[in-house]
Amino acid sequence: MTGSTWVLWWKDAQGTASLGLLQERLLRGLRASLKGRWSMDTKLFHSLYNFVQHQNIKVPPLTAPRGTASDQSMYLVVRGTSRRQFYVMASNRVVVEAEPEMESIVLRLKNLWTPRQTARVEGYTYEGDDWVIRTGNMMVGTSYKGLIIEINYLPCSNPEQTRGLMLELLMMILPEDAQVDANHGVDYRRAGLDPTSMTDRHTAYQYVHLFTQSSLL
């Protein structure tokens, strides 16, 4: 699916009640169609090795604070019903798409990669005339951590040109007093991604940026 995507975190959401509130405002207020269930997983792996140096990988230079990511960390982002997999590593400077079999291979490499934490998001997908909104409650391990909202505006893939429109959609469905982490400061160039034309790799990168900068993983 093309277009521009914005991933954000409703920090003080109240589980099923908040998910139901969003559904009511999307279906009744925005006349959206409920398309079905949606899920997303982000798994953190840690290595004793510096993966960049060990594999001699060429990556863009560090131009922003590291946050909590490091060259010893790797994030696996698995999205949607197709379960497409994206790996983000090397202090968030490398984003690659992989086949589903790759996860089982990583899990077998226990001497290299050790699973640390998992964020699991489960909810629903809604469609409007030119947008798709996904909402889901988030668990990190066994702890509830609020609600994830993913807004996808289909006609345009430039995030700078679509942020205002997506913000309007967000304001129509969220309570005025909702505490939201808008996931600002995402620098796609850090991972060698074009900042003017989004792809699914950009969306996976947004998730990892949110989880690392917010210390969720």
Side-chain angles (χ1 to χ4, degrees), residues 1-7 35-60 67-125 127 132-141 148 150-152 154 157 159 183 186-212 216-217:
M1 184 175 291
T2 58
S4 181
T5 302
W6 182 18
V7 175
K35 305 306 293 184
R37 297 196 64 86
W38 168 72
S39 65
M40 191 282 305
D41 298 284
T42 299
K43 301 179 180 180
L44 168 62
F45 295 85
H46 185 75
S47 175
L48 295 177
Y49 300 96
N50 184 311
F51 190 72
V52 174
Q53 295 178 0
H54 186 66
Q55 299 294 334
N56 195 27
I57 296 176
K58 296 184 182 298
V59 298
T68 57
S70 73
D71 290 346
Q72 285 78 35
S73 298
M74 178 172 67
Y75 297 84
L76 166 60
V77 181
V78 185
R79 300 179 60 241
T81 56
S82 63
R83 310 303 287 167
R84 294 181 66 186
Q85 297 188 0
F86 299 87
Y87 289 85
V88 182
M89 63 189 77
S91 296
N92 296 2
R93 287 172 289 161
V94 175
V95 184
V96 296
E97 184 173 1
E99 296 298 323
E101 296 78 11
M102 187 63 184
E103 182 178 3
S104 62
I105 295 174
V106 171
L107 290 173
R108 288 198 295 268
L109 297 175
K110 296 180 180 180
N111 61 328
L112 182 59
W113 293 109
T114 302
R116 284 296 181 90
Q117 281 186 304
T118 298
R120 172 80 172 171
V121 181
E122 292 184 296
Y124 301 93
T125 297
E127 287 188 5
V132 176
I133 293 180
R134 300 174 178 89
T135 65
N137 283 314
M138 175 169 55
M139 301 290 294
V140 177
I148 292 292
E150 180 185 308
I151 304 176
N152 182 207
L154 300 174
S157 61
N183 202 14
V186 180
D187 183 3
Y188 297 113
R189 291 168 295 187
R190 176 182 171 90
L193 300 174
D194 183 353
T196 65
S197 182
M198 290 196 69
T199 66
D200 287 331
R201 292 170 64 202
H202 291 70
T203 303
Y205 185 78
Q206 279 193 65
Y207 275 106
V208 173
H209 180 272
L210 175 64
F211 292 151
T212 55
L216 286 165
L217 286 180

Within this structure, what is the [atom1]-[atom2] distance for the pair [X] and [Y], rounded to the nearest 0.5 Å?
X	Y	atom1	atom2	result
W113	L107	CH2	CG	12.5 Å
T5	D200	OG1	CG	7.5 Å
Y207	T42	OH	OG1	7.5 Å
D41	L76	CG	CG	8.0 Å
M74	L112	CE	CG	7.5 Å
T203	M198	OG1	CE	4.0 Å

Q | Donor-acceptor under 3.5 Å (H202 side chain, P195 main chain) | A | no
Q) Do any N or O atoms from the side chain of S197 and from the backbone of D194 form a donor-acceptor pair under 3.5 angstrom? A) no
Q. Side chain to side chain donor-acceptor pair (under 3.5 Å) with Y188: which of Q206, H209, R201?
A. Q206
(Q) Can you list everything that forms a side-chain hydrogen bond (donor to acceptor under 3.5 Å, both in side chains) with T114? Sequence neighbours excluded, please. (A) none
Can you confirm whether [X] sits close enough to [Y] that some side-chain heavy atom of one is under 4.5 Å from a side-chain heavy atom of the other?
X	Y	result
W38	T135	no
Y205	L193	yes
E99	Q85	no
K43	P115	no
V77	M40	yes
L154	N152	yes

On a heavy-atom basis, which atom in [X] and which in [Y] lie closest, and how many Å separate them?
X	Y	result
A119	V140	CB-CG2, 4.1 Å
Y87	A98	CE1-CB, 3.5 Å
P159	S4	CA-OG, 3.3 Å
L210	I148	CD2-CD1, 3.8 Å

Q) In a check of side chain to side chain contact (heavy atoms under 4.5 Å, CB included) between V121 and each of E150, M138, M139, which one passes? A) M138
Q.
Within 45 degrees of the ring normal and closer than 6.0 Å to the centroid, is that where the cationic atom of R134 sits relative to Y124?
A. no
